[in-house]
Number of protein chains: 2
Amino acid sequence: MGDAHHHKPQLAGLGELAARLRNCARRVTEPRREILRALRDGAHPMSPKQVHQALHDTCDLATVYRSLHMLEAAGMVKRFDLGDGVRRFELLGEGDDGHHHHLVCKRCDTVVEIDDCFTPALEQRIASRSGFAGVTHRLEFFGTCPACQTA
Amino acid sequence: MGDAHHHKPQLAGLGELAARLRNCARRVTEPRREILRALRDGAHPMSPKQVHQALHDTCDLATVYRSLHMLEAAGMVKRFDLGDGVRRFELLGEGDDGHHHHLVCKRCDTVVEIDDCFTPALEQRIASRSGFAGVTHRLEFFGTCPACQTA
DNA sequence: CTGCATCCTGCAAATCATTTGCATCTGGGA
DNA sequence: TCCCAGATGCAAATGATTTGCAGGATGCAG
């Protein structure tokens with residue numbers, strides 16, 4: 001499988017993840033442990049359904065949704081919306097704000113992480129011109145991956 | 001109201017819009033005429049529901065969805081996904097490819113158009129580095145608008 | 001180690017946005 | 001004006017996500 005950018009800081013043990021959970025005054029339950037593991041071991045961003053499948057019906061889909069939301073609020077995962085009607089989630093490393101972008105293949109949905117972000121100068125300019133405050137952005141790239149080009 | 005970038009090329013008459021529709025071998029029906037009018041007169045991007053409401057139940061919601069898709073395929077409207085689970089549509093001017101971005105207020109959802117796009121150089125670099133072909137991007141900005149800052 | 005209040009979970013039903021089947025209707029060329 | 005492919009209305013189907021509720025498990029207190 002395509003696996004160019006494996007720079008996950010979260011090759012952290014589940015123990016550490018559990019500790020982070022505990023620090024948020026949240027309980028470390030079996031489903032949550034499994035969900036964190038799935039996110040840690042799985043390919044880049046995973047949808048709730050994918051997480052659920054990876055857990056082999058160990059827990060309910062609703063629990064996956066609830067846990068994912070909780071983890072997002074706790075700053076342990078980040079939600080990405082690639083515009084196809086499905087939310088995807090990625091595990092974040094400690095202190096990682098998760099700001100990065102993706103390059104998605106239009107054909108096979110392979111997702112590659114983009115390390116460098118575009119110049120924040122534009123963000124600044126947009127903020128000052130419009131009068132908006134705290135301007136952030138969401139940026140995703142789309143194209144056809146090498147494999148799908150030949151196929 | 002915030003109204004920095006009102007540069008709609010589509011101050012076109014409905015007649016012209018109808019002509020464009022006809023050129024696509026599509027029928028000019030009452031619902032479609034109304035939908036085009038709503039998009040032309042309404043604020044920036046509109047969701048199917050908003051369009052439907054603007055039409056005061058003149059036609060079915062399903063028709064709005066079908067028409068919007070048809071218009072998108074015909075290149076007359078463009079779909080934008082701001083990541084809140086609702087698709088929004090904008091009318092495009094003749095020959096306009098609709099490539100521009102938005103600045104959305106996190107509080108009141110006001111949307112301002114951003115005219116300038118960031119450097120396509122990054123797009124190029126990303127393409128060559130990853131081996132992907134036909135790389136495009138989707139970029140949206142979020143912040144707090146002037147009105148909401150004081151409120 | 002044990003009890004217990006609290007937080008979680010499973011299950012099922014409810015929402016929401018969007019799509020689709022189907023019978024009926026209509027725009028516009030012949 | 002006639003006719004039919006293409007449109008529409010209505011209702012039901014989908015798909016993703018959320019929520020109500022009763023029973024279950026976690027982690028602190030004792």
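Per chain, numbering begins at 1; letters A, B, ... match sequence-line order. Just so we're clear, the structure is a prediction, and the values are computed from it rather than from any experiment.
In this structure, the side chains of A:Arg107 and A:Gln149 stay at 4.5 Å or more apart for every pair of heavy atoms.
For A:Arg26, the side chain to side chain contact (heavy atoms under 4.5 Å, CB included) partners at least two apart in sequence or on another chain are A:Leu21, A:Cys24, A:Arg32, A:Met70. Every residue two or more places apart in sequence or in another chain that forms a side-chain hydrogen bond (donor to acceptor under 3.5 Å, both in side chains) with B:Arg125 is listed here: A:Asp116. Under the salt bridge (charged side-chain N to carboxylate O under 4.0 Å, His left out) criterion, A:Arg33 pairs with A:Glu30, sequence neighbours left out. Legend: residues meeting side chain to side chain contact (heavy atoms under 4.5 Å, CB included) with B:Phe142, ordered by chain and number and at least two apart, are A:Thr136, A:Arg138, B:Val104, B:Lys106, B:Glu140. The side-chain hydrogen bond (donor to acceptor under 3.5 Å, both in side chains) check on B:Asp84 picks up B:Arg88, with sequence neighbours excluded. Among residues two or more places apart in sequence or in another chain, the salt bridge (charged side-chain N to carboxylate O under 4.0 Å, His left out) test is passed with B:Arg66 by none. When the salt bridge (charged side-chain N to carboxylate O under 4.0 Å, His left out) test is applied to B:Arg37, the partners found at least two apart in sequence or on another chain are B:Glu34.
In this structure, the CG atom of A:Asp84 is 11 Å from the C1' atom of D:dA16, given to the nearest Å.
DNA chain D lies under 4.0 Å from at least one heavy atom of each of the following residues of residues 27-36 of chain A: A:Arg27, A:Val28. Contacts between residues 52-59 of chain B and DNA chain D, counted as heavy-atom distances below 4.0 Å, involve B:Thr58, B:Cys59. Heavy-atom distances under 4.0 Å link DNA chain C to B:Tyr65, B:Arg66, B:His69 of residues 63-72 of chain B, given in residue order.
The ring-ring contact (aromatic ring centres under 6.0 Å, His included) pairs that include a residue from residues 55-84 of chain A are A:Phe80-A:His100, A:Phe80-A:His102, where partners are two or more places apart or lie in different chains.
Transitive grouping of hydrophobic side chains (ILVMFWY, heavy atoms separated by less than 4.5 Å) keeps A:Leu103 and A:Val86 in distinct clusters.
Taking a pair as Watson-Crick or G-U with both hydrogen-bonding distances under 3.5 Å, the stems of three or more pairs touching DNA chain D are C:1-30 with D:1-30.
Taking for each of B:Asp60 and A:Asp60 the nucleotide of DNA chain D with the nearest heavy atom, the 5'-most of the two is the partner of B:Asp60.
Applying the 4.0 Å criterion to OP1 and OP2 of C:dA17, one finds that B:Lys49 has a side-chain N or O inside that range.
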